[in-house]
Amino acid sequence: MAEFTGFSPETFDFLWGIRLNNNRDWFQSHKQDYITRLYEPMKALGRELFLPFLDKPGNLLKVSRIYRDARMHPPEPYKESLWICIRRDVEWWAENPCLFFEIRPEGVSYGFFFWRPRVPRLEAFRQDIAARPEEFLDLIARTEKAVGMPVTAQQYKKPKPCPDPRLAPYFAWRSDISCIREIAPGDALFTPELAVQAREFFTGLIPLYDYFNRFQA
C-alpha cells in the first residue's frame, strides 16, 4: 500500500474543476486525476490517521465517496469534497462523536466533531459533569492544551439550570461540539508532514472522543 506523500496543487485543481464543471462528461475525462490526485492520497492518509486506533476495538475508518447518492435525486452528481471519518460502528454518524479530515477547494479541515447529539445524550452528559465536575474540567483543559485550540459548541438560547457556575458554558451545549483546525491550500498540504501533524492533533483529541462515546445514542 502506498504511503501518504502529501496532496498537490493538482488535487485542488481537480476539486475546483468539480465545482465549476459538476457533470459526468467532465468527471469521466478527469477520473484518473480523481483517483491519483485525491482518492488514493486520502486512503493513504486515512491509514496514517488510524494508527492510534489499531489497538482500540470498536472504531472504524471511513473514506467517503465523491459520488452523490442518486436515490436522493441531487441536482449535481458529484461532491465537492472528500472526507475521512473515524467513529464507532454506529448506524448514523451525525448523532455520534467522530474525528474527521476533510478536503475541499478552499483547503482542509480536521479534528473532533459531534454534530447532532440526541437530547437524552446531552442530558446524560450534563448529569455526568455535574456529578464529576473536576474530571470534566480537567479533560477540557488538557485537551485544549494538547491541541492549542478551544473546544466550542452551538448553545441553547435559554441557559440550562446549572449547579456549578464553572459548568454553565457546557450545560448550554446543544450541537456542533467541535475542535477543528483549518488550513488553506499551500505548501503545508503538499508534504508527508501533514499526516504527522493531523495524527498528533487527533491523538490530543482522543480523550475527548472517548469521553463522549460513553453516552451511547
Query raised in the report: If we ignore angles and hydrogens, is there a donor and acceptor under 3.5 Å between the side chains of E10 and S8?
Result: yes
Query raised in the report: Is there a side-chain contact between F171 and P163 (heavy atoms, below 4.5 Å)?
Result: yes
Requested in this report: List the atom of P105, the atom of P185, and the distance in Å for their closest heavy-atom pair.
Outcome: O-CG, 3.7 Å
Query raised in the report: From M42 CE over to Y34 OH, what is the distance, rounded to the nearest 0.5 angstrom?
Result: 9.5 Å
Requested in this report: Run the ring-centre check on F125 versus F212 and record whether the distance is less than 6.0 Å.
Outcome: yes
Report summary line: With sequence neighbours left out, the residues meeting side-chain hydrogen bond (donor to acceptor under 3.5 Å, both in side chains) with R174 are none
Requested in this report: Could you walk me through whether R214 and E135 pass salt bridge (charged side-chain N to carboxylate O under 4.0 Å, His left out), step by step?
Outcome: CA-CA 14 Å; R214 293 182 186 177; E135 177 185 335; 2.7 Å; yes
Query raised in the report: Could you give the distance from OG1 (T152) to CD (E144), rounded to the nearest 0.5 Å?
Result: 9.0 Å
Report task. Classify the ring geometry between W26 and H30 as parallel (under 30°), tilted (30 to 60°) or perpendicular (over 60°). Result -> parallel
Query raised in the report: Going by distance alone, is a donor N or O of one side chain under 3.5 Å from an acceptor N or O of the other, for S81 and E102?
Result: yes
Report task. For the pair R68 (side chain) and E76 (backbone), establish whether a donor and an acceptor sit closer than 3.5 Å, ignoring hydrogens and angles. Result -> yes
Query raised in the report: Mind checking whether L49 and L60 sit in one hydrophobic cluster, side chains of I, L, V, M, F, W, Y counted as touching below 4.5 Å?
Result: no
**Report entry** Criterion ring-ring contact (aromatic ring centres under 6.0 Å, His included) against F101, the qualifying member of Y110, F50, F113
**Finding:** Y110
Report task. Kindly work out whether a path of hydrophobic side-chain contacts (I/L/V/M/F/W/Y, heavy atoms less than 4.5 Å apart) joins W16 to W83. Result -> no
Query - T143: side chain to side chain contact (heavy atoms under 4.5 Å, CB included) partners, not counting sequence neighbours - result: L139, V151, L205, L208
Report task. Would you please indicate yes or no on a ring centroid separation below 6.0 angstrom for F112 and Y211? Result -> no
Report task. Following the transitive rule for hydrophobic clusters with a side-chain heavy-atom cut-off under 4.5 Å over Ile, Leu, Val, Met, Phe, Trp and Tyr, establish whether F4 and L54 coincide in one cluster. Result -> yes
**Report entry** Short N-O contact, E80 and R104, less than 4.0 angstrom
**Finding:** no
Report summary line: What one should report as the nearest heavy-atom pair of S178 and I180 is CB-CD1, 3.8 Å
Query raised in the report: Atom CG of D13 and atom CG of L15: how far apart are they, to the nearest 0.5 Å?
Result: 9.0 Å
Report task. Answer with yes or no after comparing the ring centroid distance for F190 and F7 against a 6.0 Å cut-off, counting only values under it. Result -> no
**Report entry** Nearest heavy-atom neighbours spanning A188 and L194
**Finding:** O-CB, 3.9 Å
Query - CZ-CG distance between F27 and D25, expressed to the nearest 0.5 angstrom - result: 12.5 Å
Requested in this report: Kindly give the heavy-atom pair with the smallest separation between D176 and Q154, and that separation in Å.
Outcome: OD2-CG, 3.4 Å
Report task. Output the distance between atom CD1 (I66) and atom CG (L38), rounded to the nearest 0.5 Å. Result -> 5.5 Å
Report summary line: Residue set satisfying side-chain hydrogen bond (donor to acceptor under 3.5 Å, both in side chains) with Q28, at least two apart, ordered chain then number -> none
Query raised in the report: Less than 6.0 Å separating the ring centroids of F136 and Y170?
Result: yes
Report task. Give a yes or no on whether V196 and F201 share a hydrophobic cluster (residues Ile, Leu, Val, Met, Phe, Trp, Tyr; joining criterion: side-chain heavy atoms under 4.5 Å apart). Result -> no
**Report entry** Gap between atom SG of C179 and atom CE of M149 - 0.5 Å precision
**Finding:** 5.0 Å
Query - Side-chain H-bond candidate by donor/acceptor type, N21 with Y78, under 3.5 Å - result: no
